[in-house]
2 protein chains.
Amino acid sequence: MKQRATSFDIAYQAGVSQSTVSRALRNSPLVNEETRKRVQAIAKELNYKVDKNASNLRSQHTGTLALLLFEDPTTDDSLINPFFLSMLGSITRAAARKGYDLLVSFQQLSDDWHADYEDASKADGIILLGYGDYVDYAEKLKKLYEQGTHFVRYGSVAEDQPGVSFGCDNFQGGYLATQHLIALGRKHFAFLGDATESAPEFWARYQGHCKAIQEAGLDVRSECQISAISTEESGFVAGKKLLEKDIQIDAVMGASDMIAIGAMRAFQENGLKVPDDIAVVGFDDIPISHFTNPPLTTIQQNTKLAGEILIESLVNLIHGVEVKASLTPAKLIVRKSCGCG
Amino acid sequence: MKQRATSFDIAYQAGVSQSTVSRALRNSPLVNEETRKRVQAIAKELNYKVDKNASNLRSQHTGTLALLLFEDPTTDDSLINPFFLSMLGSITRAAARKGYDLLVSFQQLSDDWHADYEDASKADGIILLGYGDYVDYAEKLKKLYEQGTHFVRYGSVAEDQPGVSFGCDNFQGGYLATQHLIALGRKHFAFLGDATESAPEFWARYQGHCKAIQEAGLDVRSECQISAISTEESGFVAGKKLLEKDIQIDAVMGASDMIAIGAMRAFQENGLKVPDDIAVVGFDDIPISHFTNPPLTTIQQNTKLAGEILIESLVNLIHGVEVKASLTPAKLIVRKSCGCG
DNA sequence: CTGAAAGCGCTTACAG
DNA sequence: CTGAAAGCGCTTACAG
C-alpha cells in the first residue's frame with residue numbers, strides 16, 4: 001500500500017506553504033485563484049484526501065451524525081422493526097444530502113450508551129430512534145440534554161421531554177383510521193396495543209381512536225383494548241385474546257402494522273373473514289402491508305419527510321439555530337382490510 | 001456545555017503523568033494495578049471519553065468500518081431493496097460485536113466513490129453491498145484493490161474478481177428451488193430475471209434453475225427467460241410479458257422475491273390461480289414473502305451468517321490475516337406458492 | 001494573498 | 001512500572 005499523500009507533499013510540489021494548501025483545498029477566498037487551481041490539480045493527481053482525524057481534531061467537529069436505534073428489548077435478534085429500517089433509509093439519504101456521514105448503531109435500551117457518541121467526538125450530533133419512552137430512557141435523555149449534546153429524536157412528542165422531538169401525529173392517525181372504520185358502518189371496536197405511558201405513541205393512537213368512537217356517539221369499551229408490542233406474534237396473541245373474550249367486534253385497530261397483521265392471522269385462523277366479519281386497520285404503512293391478505297388499510301408515517309426534518313433540525317441545532325418540535329401528518333392509506341378500497 | 005475532560009485533567013487529579021493515564025485507560029499491562037484503578041475511577045467520575053480523532057490520528061486507525069450500499073440506479077428514491085436492509089441490520093450487529101462502528105452510505109453506481117472512505121481515513125475497511133456487477137463497478141473494485149484498501153463485498157462470487165467476495169450459493173439456490181417445483185410435478189418452467197453477465201447473481205440462479213430442469217430430462221426453453229430487475233413492478237411487467245407469449249407454463253421462478261411477488265400479481269390479475277394454475281418460487285426470503293397471498297416459497301439467504309462472515313473477514317483483512325472468498329448455503333423455505341407446504 | 005508557528009488530544013518509542 | 005518528549009496531519013490565529 002502506497003503511503004498517503006499529505007498536505008506537505010502537495011505544498012512541496014506546488015511550491016507553496018502547507019497553510020496555503022490547506023486553504024486552497026477548502027476553497028478559502030483568501031487564496032489566489034491561480035494558486036488554488038494549481039494546488040487542487042496536484043491534490044487530484046496525488047489522489048489526496050484530507051485526513052479527517054487530523055482535520056476534525058483540529059477544528060473540533062466531525063462532519064458525521066450518529067443514529068442510535070433503540071430496539072424493543074423483546075425483539076428477536078434477527079428481525080428489526082421494518083418501520084425503523086425505512087426511517088434508516090430516509091435518514092441516511094437526508095444526511096448524505098447535507099454532506100454528513102452517518103454512523104449507525106443499534107442499542108439495547110439497557111446499554112449504557114450515555115452520550116458515548118458525541119462524547120467520543122465521533123459525531124457532531126445524535127439522532128435517537130426507537131419506540132417507547134420508558135422511564136429509563138427519559139432519564140438518559142435528560143442527561144444528554146444537560147450535557148449540551150446535540151440531539152433530536154423521533155417518536156412521541158410531549159411537552160415535558162428534554163430536547164427536541166419529532167414524530168408522526170399519532171393522535172390524528174388513530175382518529176383518521178377509526179373514522180374510516182366508522183364511515184364504513186362498523187360499530188364495535190377493539191384496539192390492540194399497549195396504551196400506557198411507557199408506550200406514548202401507542203397511547204396517542206389509542207386516544208385518537210377513542211375520540212373518533214365517542215364523536216360518533218358510540219361506546220369505548222375498555223375491555224376491548226388489549227396490550228401488545230409491535231411484533232406479529234404479539235399481535236397474534238392479542239387477537240386470540242380478543243376472540244376469547246367473546247364480545248361483539250366488527251372492527252379492530254392495531255397500534256402498528258405488525259400487530260394488525262398478527263391479529264388478522266388470529267382472526268383468519270378462527271374462521272373469521274377479513275374484512276367481511278371483521279375489519280382491520282394498522283399503523284405505519286410498512287412495505288409488508290401492501291402484500292398481506294387482504295392488503296392492509298393503514299396509517300402512513302411519512303418517513304421520507306421525517307428523515308429530512310430530523311437531519312435538517314439536527315444540523316440547525318449544531319449550528320446554534322433554535323429548533324422546535326413538530327409533528328408530521330398522518331395519512332390514511334385505504335386498501336382492502338376494512339372492506340373498501 | 002461543559003468543557004470535556006482531557007487525559008491531562010485526569011493526570012493532574014491522579015497525580016501521575018498523562019502518559020500513564022493513557023496507558024491505564026487502555027489497560028496496558030505496563031501500569032500498576034493500583035494506579036490503573038485510581039486513574040479509571042477518576043476518568044469515570046469526570047465522565048471522560050477518549051477523543052477518537054486524536055487517538056485515531058496518532059495510532060492511524062479508526063475503529064470504524066464503512067458500509068457502502070449500492071443501489072440499483074432504477075430503484076425509486078423511497079424504496080430500498082428489503083434484502084439490503086436486512087443485511088444492513090445483521091452487518092451493524094456483527095460490527096458492534098467486534099467493537100467497530102459502522103459508517104453507512106448509500107451510493108449510486110454513478111458516484112465517484114472511489115475509495116473515499118478509507119482514503120479519508122474515516123474507516124479501516126469497507127464493505128461493499130449491492131446487486132449486480134456492472135463493468136464500471138468491476139473497474140472500481142480493481143482500483144480499490146490496487147490501492148491496498150481493505151474491503152470485502154457481498155454478491156456474486158467469481159474467480160476473476162479483485163478482492164474478497166462473499167455471497168449466497170446462488171447456483172445451488174436456483175437448483176434447489178427448481179428441484180422443488182419438479183418434485184411437485186411441474187413440467188413447464190419460466191425464469192423471470194436478468195440472466196446476463198451484468199447481473200451475475202441472477203445469472204447463477206438461472207444456471208441452477210436450468211441444471212435442475214435438464215437433470216429431470218425436461219426442456220429449457222430460452223424464450224421462457226424474461227428479463228427483470230429486482231422490483232415488484234419489474235416482476236409484474238415480466239409476468240405480463242410471459243403471459244402474452246401464450247406458451248404453456250406451470251411453474252415460474254423469480255430471480256428475487258420482489259420479482260416473484262410482482263409476477264404473482266400479474267398472474268392473479270389475469271385470472272390464474274397461484275399455485276393451482278401456476279407455481280411461483282422467489283429468492284431471498286425477505287420479510288414480505290411471509291405475508292404475500294399465497295405466502296411465497298423461496299430460497300433463503302442467511303443474512304445473519306453473511307453479516308458475521310463479512311465483518312469477521314474484513315477485520316481479519318485489516319489485521320493482515322489472509323481471507324478467502326466463500327459461499328453461504330442457500331436454503332429452501334417452503335410456503336404455499338408452489339402448492340405444497 | 002501568503003507563510004511560519006502553534007496546537008487539537010492523544011499514543012508510543014525512548015530513557016530510566 | 002513511570003515520565004518527558006515527539007509527533008500523527010491538519011486548521012487557524014498572527015504577522016506581514
Side-chain angles (χ1 to χ4, degrees), chain A residues 1-40 42-43 46-64 116-124, chain B residues 1-40 42-43 46-64 116-124:
Chain A
M1 188 171 2
K2 268 192 310 211
Q3 208 53 40
R4 291 180 49 196
T6 73
S7 52
F8 282 95
D9 300 328
I10 299 176
Y12 177 79
Q13 286 207 21
V16 294
S17 73
Q18 183 267 339
S19 330
T20 300
V21 169
S22 173
R23 281 189 278 255
L25 259 19
R26 282 171 303 113
N27 290 311
S28 160
L30 288 173
V31 74
N32 181 300
E33 173 73 17
E34 212 175 314
T35 315
R36 203 189 67 215
K37 279 192 178 150
R38 186 153 40 95
V39 167
Q40 292 192 343
I42 294 171
L46 295 182
N47 194 23
Y48 171 82
K49 300 275 154 49
V50 293
D51 184 308
K52 288 291 183 184
N53 289 136
S55 73
N56 292 344
L57 173 58
R58 181 55 231 246
S59 56
Q60 298 293 310
H61 66 79
T62 67
T64 108
D116 274 357
Y117 281 86
E118 202 182 294
D119 271 3
S121 58
K122 288 201 138 187
D124 296 336
Chain B
M1 186 169 8
K2 267 192 312 210
Q3 208 52 42
R4 292 179 49 195
T6 72
S7 52
F8 282 96
D9 299 329
I10 299 176
Y12 177 79
Q13 287 208 22
V16 294
S17 74
Q18 182 268 338
S19 330
T20 300
V21 170
S22 173
R23 281 189 279 254
L25 260 19
R26 280 170 303 113
N27 290 311
S28 160
L30 288 173
V31 76
N32 181 300
E33 174 72 18
E34 211 175 314
T35 315
R36 202 190 67 214
K37 280 193 179 149
R38 188 156 37 96
V39 166
Q40 292 191 341
I42 294 172
L46 295 183
N47 194 22
Y48 171 82
K49 300 276 153 48
V50 292
D51 184 309
K52 288 291 183 183
N53 289 136
S55 73
N56 291 343
L57 173 59
R58 179 56 231 245
S59 57
Q60 299 292 309
H61 66 78
T62 67
T64 109
D116 274 357
Y117 279 86
E118 203 182 295
D119 271 2
S121 58
K122 289 201 138 188
D124 296 335

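Since we're looking at a predicted model, the values are computed, not measured. We name chains A, B, ... by the order of the sequence lines, and we start the count at 1 in each one.
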Checking contacts here: which listed nucleotide (D/dG9, C/dT12, D/dT2) is nearest the side-chain heavy atoms of B/S59? C/dT12
Among the nucleotides D/dG3, D/dC10, C/dC10, whichever has the atom closest to the side chain of A/Q18 is D/dC10
Indicate, with a heavy-atom threshold strictly under 4.0 Å, whether A/S19 touches base, sugar-phosphate, or nothing. base
Does any non-hydrogen side-chain atom of A/N53 lie less than 4.5 Å from one of B/R58? no
If you check the A/R23 side chain, which of C/dT12, C/dC8, D/dA13 turns out closest? D/dA13
Think B/T6 has a side-chain N or O under 4.0 angstrom from the OP1 or OP2 of C/dG9? no
Give a yes/no on whether any side-chain N or O of A/R26 is located under 4.0 angstrom from OP1 or OP2 of D/dT12. yes
Does C/dT12 have OP1 or OP2 sitting under 4.0 Å from an N or O in the side chain of B/S22? no
OP1 or OP2 of C/dC10 versus the side-chain N and O atoms of B/S55: is any pair under 4.0 Å? no
At less than 4.0 Å, is any side-chain N or O atom of B/T20 found next to OP1 or OP2 of D/dT2? Yes or no. no
With rounding to the nearest 0.5 Å, note down the distance linking CG in A/L25 to CD1 in A/I10. 5.5 Å
Check: A/R36 and A/E33 side chains under 4.5 Å, non-hydrogen atoms: yes
Please report the distance, rounded to the nearest Å, between NZ in A/K52 and P in C/dG9. 19 Å
Span that lies between the C1' atom of D/dT12 and that of D/dG16, in whole angstrom: 16 Å
